[in-house]
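So that the names make sense, note that chain A is the first sequence line, chain B the second, and so on, each numbered from 1.
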Amino acid sequence: MKAYLEGLNDVQLKAVTHTEGPVLVVAGPGSGKTRVLTYRIAHLIEEGAAPWEILALTFTNKAAREMKERIASVVGDRANNVWAGTFHSIFARILRVEADKIGYPSNFTIYDSDDSKSVITAILKELNLDKNVYNVNAIRTRISSAKSNLIPPRAYKENEQLMEQDRMQKRSQTHVIYEKYVARCRRAGAMDFDDLLYQLYVLWYKNPDNVLEKYRKKFRYILVDEFQDTNYLQYAILKKLAKYENSPENICAVGDDAQSIYAFRGATIENILDFEKDFKKLKVYKLEQNYRSTEHIVKAANEVITFNKKQIPKEIWSDKGTGQKLRLIKAMTDSEEGKRIADTIVEQKNRFHLSNADIAILYRTNAQSRVFEEYLRRYNIAYRVFGGLSFYQRKEVKDLIAYLRLAVNLKDEEALRRIINYPRRGIGNSTIDKISTLAGAVDKPMWECLGGADVGARAKNALADFVAMVKLFQRRAEQANAYEAAEYIAKQSGLLALLKQDNSIEGMGRLENVNALLDGIKDFVENDEVIEGETATEKSLAAYLQNIALLTDMDNEESGDFVTLMSVHSAKGLEFKSVFVVGLEEKLFPSFMSMDTAEGLDEERRLFYVAITRAEQYLTISYANSRYRYGKMQYNEPSRFLEEISPTHIESSFSLRRSSAGERQSAAPSGAKVIGNFRKPTGNRGLKVDPSKFTPSPSTDIQAGMKVLHLKFGEGKVLSIDGNAANRVATIFFQGIDNPQRRIMLKFAKLQIL
DNA sequence: TGACTGTGGGTTTTT
DNA sequence: CCCACAGTCA
């Protein structure tokens with residue numbers, strides 16, 4: 001037996017080696033799901049499949065990265081050629097190639113949710129609709145879910161049920177907004193997140209030039225992670241790829257119905273049921289042994305989940321020993337909850353020799369993080385809050401990115417609107433409105449209407465200057481690399497100068513953020529490693545933007561010894577030695593938004609299930625009788641979920657303990673907010689060589705057998721060189737780094753011959 | 001155009 | 001309580 005197959009349990013082994021035909025792997029928490037997925041891919045390659053014939057889809061970049069790393073550890077370099085990535089990134093990659101077939105430019109912009117919202121806001125204004133009635137978020141969700149269910153505007157209008165729902169909400173014009181929204185995006189050469197899926201489906205469906213056959217042939221093996229989180233549209237796309245006449249149906253879905261927590265975003269458990277119906281030869285494997293947690297934790301989790309009606313029957317078990325019972329902390333106030341949790345963390349660190357990194361505090365809503373931050377700061381315990389505003393969502397970062405986007409795609413209206421008068425250049429709101437109206441009237445991108453609007457002489461001049469400037473930016477973007485172009489644009493636009501004027505602490509933080517973005521772009525340009533499939537192998541601004549459009553803050557993997565604070569949603573897939581699940585109160589967890597429907601409640605319960613199954617050894621659950629919410633004191637009952645865990649799993653001394661007497665909850669001195677607590681997108685950390693002592697040699701001189709120096713990887717030996725003259729790629733062995741064998745694109749290489 | 005004030009709204013969110 | 005935004009005034 002192949003070495004990598006040893007150490008798999010019986011079911012895992014079957015799931016890995018059953019390569020032909022449809023397979024569903026139902027994987028409980030901590031049951032080695034990722035292991036199965038990666039070994040299966042490795043096994044496919046070992047058995048002769050070409051890496052590029054394998055399509056592996058995940059939901060997060062992080063999961064994709066982890067998967068690739070783990071495949072590489074078994075099959076080496078070949079892992080780079082597997083089409084592994086998120087649904088969105090892989091689909092975007094295909095769409096870049098095929099865009100013209102469905103009427104999009106290949107340099108299409110990806111609109112993020114903020115862009116989508118501002119498009120909707122503009123449409124509301126145009127249609128004179130009350131934005132208190134037409135709540136932008138609600139409309140966006142509505143449009144998103146229409147797309148996710150393959151309902152285009154035309155079908156929406158004819159769908160009596162949808163129209164009735166809109167009338168009930170007093171938002172009968174929603175279909176008009178939807179129609180306009182779609183038209184606007186197309187006019188701007190932009191796809192929103194849902195379009196990356198929707199348009200791919202359109203491509204499959206319309207099938208110009210038989211493009212679908214091409215990809216059916218190409219992807220001989222398909223794997224899908226977190227299948228329970230796929231929506232109707234995603235499954236429809238997968239079916240097009242895998243289900244057709246004489247298809248080998250080599251599709252393997254891995255998931256856990258009990259961990260489906262994204263129904264509110266359109267994920268549907270129906271997909272698992274349909275999967276069995278659609279693929280008749282389906283073989284199901286259940287991974288039921290939990291290798292993560294001790295028994296009290298696993299059993300408590302099992303108890304909780306049995307309260308849900310619908311589920312795939314399975315029995316999760318652990319042989320890691322009984323372990324510790326759960327602790328329950330009952331606090332009078334949210335502040336006391338914070339203090340007691342912090343106390344417990346100190347205690348656990350001492351008693352069990354845990355480091356900060358072993359510990360996580362998980363909450364239902366991001367707003368809950370504050371109290372814990374206050375006490376952790378007071379106790380001098382390092383922590384990091386995940387979620388909230390991501391680096392790329394900060395205003396100053398978005399401003400610069402808007403300039404970059406516009407330079408790459410002049411039709412990008414959201415980018416244009418954002419910066420046309422920032423920094424101020426005398427193009428006021430009335431001027432912009434005129435241009436916008438004109439654009440709507442002639443149905444052309446705003447960019448093309450800048451000269452045509454009937455505006456005063458001053459505005460006219462300002463517009464002409466603006467157009468000239470952006471054209472310069474565009475040329476730069478075409479000719480220079482991403483960093484040179486971005487730096488030029490940041491300076492010439494006046495953006496940097498404007499930020500430098502502001503000497504407040506916040507202002508300096510903003511400047512720092514923009515510089516961090518520029519650093520990140522530099523890093524992108526200097527990163528000469530070939531990662532087939534993921535990173536575009538060119539260093540243009542366009543390539544950079546494609547690269548970051550689908551990144552989130554969560555992708556910033558940063559190691560260090562800190563306590564993790566995050567929402568339960570973001571904790572999915574993670575594990576910690578000690579986990580604190582806090583705020584177990586009615587109306588909070590379960591959330592008041594979800595508690596009136598049975599389905600909503602079930603999803604909340606799955607969320608709780610996800611939360612408790614993050615813990616390896618120590619699990620502490622807490623609630624407070626009262627807490628501040630929206631500035632008002634609220635009194636809540638303990639969560640119904642608490643009663644679903646039998647007392648045998650809960651440490652009695654803790655379930656009885658009241659808050660210590662006389663302990664006043666002092667108004668926490670909410671210390672100065674941490675400003676500039678950003679993380680660089682990639683950063684220039686980890687350079688092995690001092691750049692000032694480094695003189696790169698001409699890349700044409702580099703030959704196999706040479707000893708070379710690399711800024712990031714240090715000293716290495718060139719093993720071989722391949723690729724054509726224009727795209728020579730060197731395989732170099734660098735001592736003392738992870739995956740020492742790297743493939744470096746010589747075109748961009750910064751290598752010094754030793 | 002910029003600074004100030006009032007109003008309304010506020011689960012979770014891989015992309 | 002905290003934020004975003006629209007409206008108002010100088």
Side-chain angles (χ1 to χ4, degrees), chain A residues 57-65 85-92 110-114 116-118 121 124-125 130-133 135-138 140-141 144-145 147-148 191-198 225-226 228-231 233-234 259-267 334 362-368 370-371 386-390 392-393 395 421 424-430 548-555 566-574 583 585 587-596 600 603-604 606-608 610-611 627-634 670 673:
Chain A
L57 298 169
T58 65
F59 277 85
T60 66
N61 294 303
K62 202 175 156 202
R65 204 182 312 124
T86 63
F87 278 89
H88 291 83
S89 73
I90 295 279
F91 292 178
I110 297 174
Y111 273 179
D112 66 15
S113 351
D114 287 335
S116 300
K117 278 196 252 177
S118 89
T121 309
L124 291 179
K125 215 170 179 179
D130 182 353
K131 71 175 190 56
N132 292 322
V133 178
N135 177 290
V136 177
N137 278 313
R140 199 188 70 84
T141 314
S144 170
S145 82
K147 284 187 186 173
S148 302
M191 294 202 198
D192 66 13
F193 288 145
D194 300 308
D195 281 328
L196 295 176
L197 314 179
Y198 186 86
D225 191 14
E226 308 277 15
Q228 77 282 353
D229 289 338
T230 52
N231 62 31
L233 172 54
Q234 283 161 324
Q259 293 184 66
S260 156
I261 54 174
Y262 284 103
F264 73 94
R265 280 176 66 136
D334 49 354
L362 309 181
Y363 33 74
R364 176 69 244 261
T365 67
N366 286 124
Q368 284 165 261
R370 265 191 52 192
V371 219
F386 291 83
L389 260 204
S390 96
Y392 296 106
Q393 282 177 314
K395 182 190 175 300
N421 198 33
R424 302 212 174 297
R425 49 177 70 92
I427 304 174
N429 282 335
S430 62
I548 61 155
L550 298 170
L551 286 185
T552 63
D553 214 32
M554 284 302 193
D555 298 321
M566 58 168 56
S567 70
V568 181
H569 279 93
S570 345
K572 192 160 97 165
L574 306 180
E585 294 139 41
K587 297 182 189 163
L588 181 61
F589 201 172
S591 156
F592 69 97
M593 298 288 285
S594 322
M595 52 194 298
D596 357 297
E603 176 142 321
E604 295 287 314
R606 290 192 296 267
L607 196 53
F608 184 48
V610 167
R627 74 171 61 239
Y628 275 102
R629 232 179 155 189
Y630 305 141
K632 272 200 245 76
M633 183 72 94
Q634 269 199 355
S670 74
K673 271 202 181 163

Rounded distance (Å) that lies between atom [atom2] of [N] and atom [atom1] of [X]:
| X | N | atom1 | atom2 | value |
| --- | --- | --- | --- | --- |
| A:F386 | B:dT12 | CZ | P | 18 Å |
| A:M566 | B:dT14 | CE | P | 11 Å |
| A:L551 | B:dT15 | CG | P | 8 Å |
| A:K147 | B:dT15 | NZ | P | 18 Å |
| A:Y392 | B:dT15 | OH | P | 12 Å |
| A:D114 | C:dA4 | CG | P | 11 Å |
| A:L197 | B:dT14 | CG | P | 15 Å |
| A:Q259 | B:dT13 | CD | P | 17 Å |

side-chain N/O A:N61 vs B:dT14 OP1/OP2, d < 4.0 Å: no

Contact under 4.0 Å: A:S570 side-chain N or O vs B:dT12 OP1/OP2: no

Looking only at atom types and distance, does a side-chain atom of [X] sit under 3.5 Å from a main-chain N or O of [Y], one as donor and one as acceptor?
| X | Y | answer |
| --- | --- | --- |
| A:D229 | A:A267 | no |
| A:H88 | A:L196 | no |
| A:D114 | A:Q393 | no |

Separation between CZ of A:F592 and CD of A:E604, rounded to the nearest 0.5 Å: 10.5 Å

C1' gap between C:dC5 and B:dT11, integer Å: 22 Å

Toward the 5' end of DNA chain B, by each residue's nearest nucleotide, A:E603 or A:A549: A:E603

Distances under 3.5 Å between nitrogen or oxygen atoms of protein and nucleotides 6-11 of chain B:
unit_1: B:dT11; atom_1: OP1; unit_2: A:Y630; atom_2: OH; d: 3.0
unit_1: B:dT11; atom_1: O2; unit_2: A:R364; atom_2: NH1; d: 3.1
unit_1: B:dT11; atom_1: O2; unit_2: A:R364; atom_2: NH2; d: 3.2
unit_1: B:dT11; atom_1: O2; unit_2: A:S591; atom_2: OG; d: 3.1

Any residue meeting side-chain contact (heavy atoms from CB on, under 4.5 Å) with A:S113, in chain and number order, not counting sequence neighbours: A:R140, A:F193

Atom of A:Q234, atom of A:F59 and distance for their closest heavy-atom approach: NE2-CE2, 3.7 Å

Listed nucleotide nearest any side-chain atom of A:S113, set B:dT13, C:dC2, B:dT15: B:dT15

Residue A:H88, side-chain heavy atoms: nucleotide from B:dT14, B:dT1, B:dT15 that is nearest: B:dT15

Touch class at under 4.0 angstrom, heavy-atom based, for A:F589 against every strand present: nothing

Sugar-phosphate, base or nothing in reach of A:G573, heavy atoms under 4.0 Å: nothing

Salt bridge (Lys or Arg N to Asp or Glu O under 4.0 Å) partners of A:E585, counting only residues at least two apart: A:R627

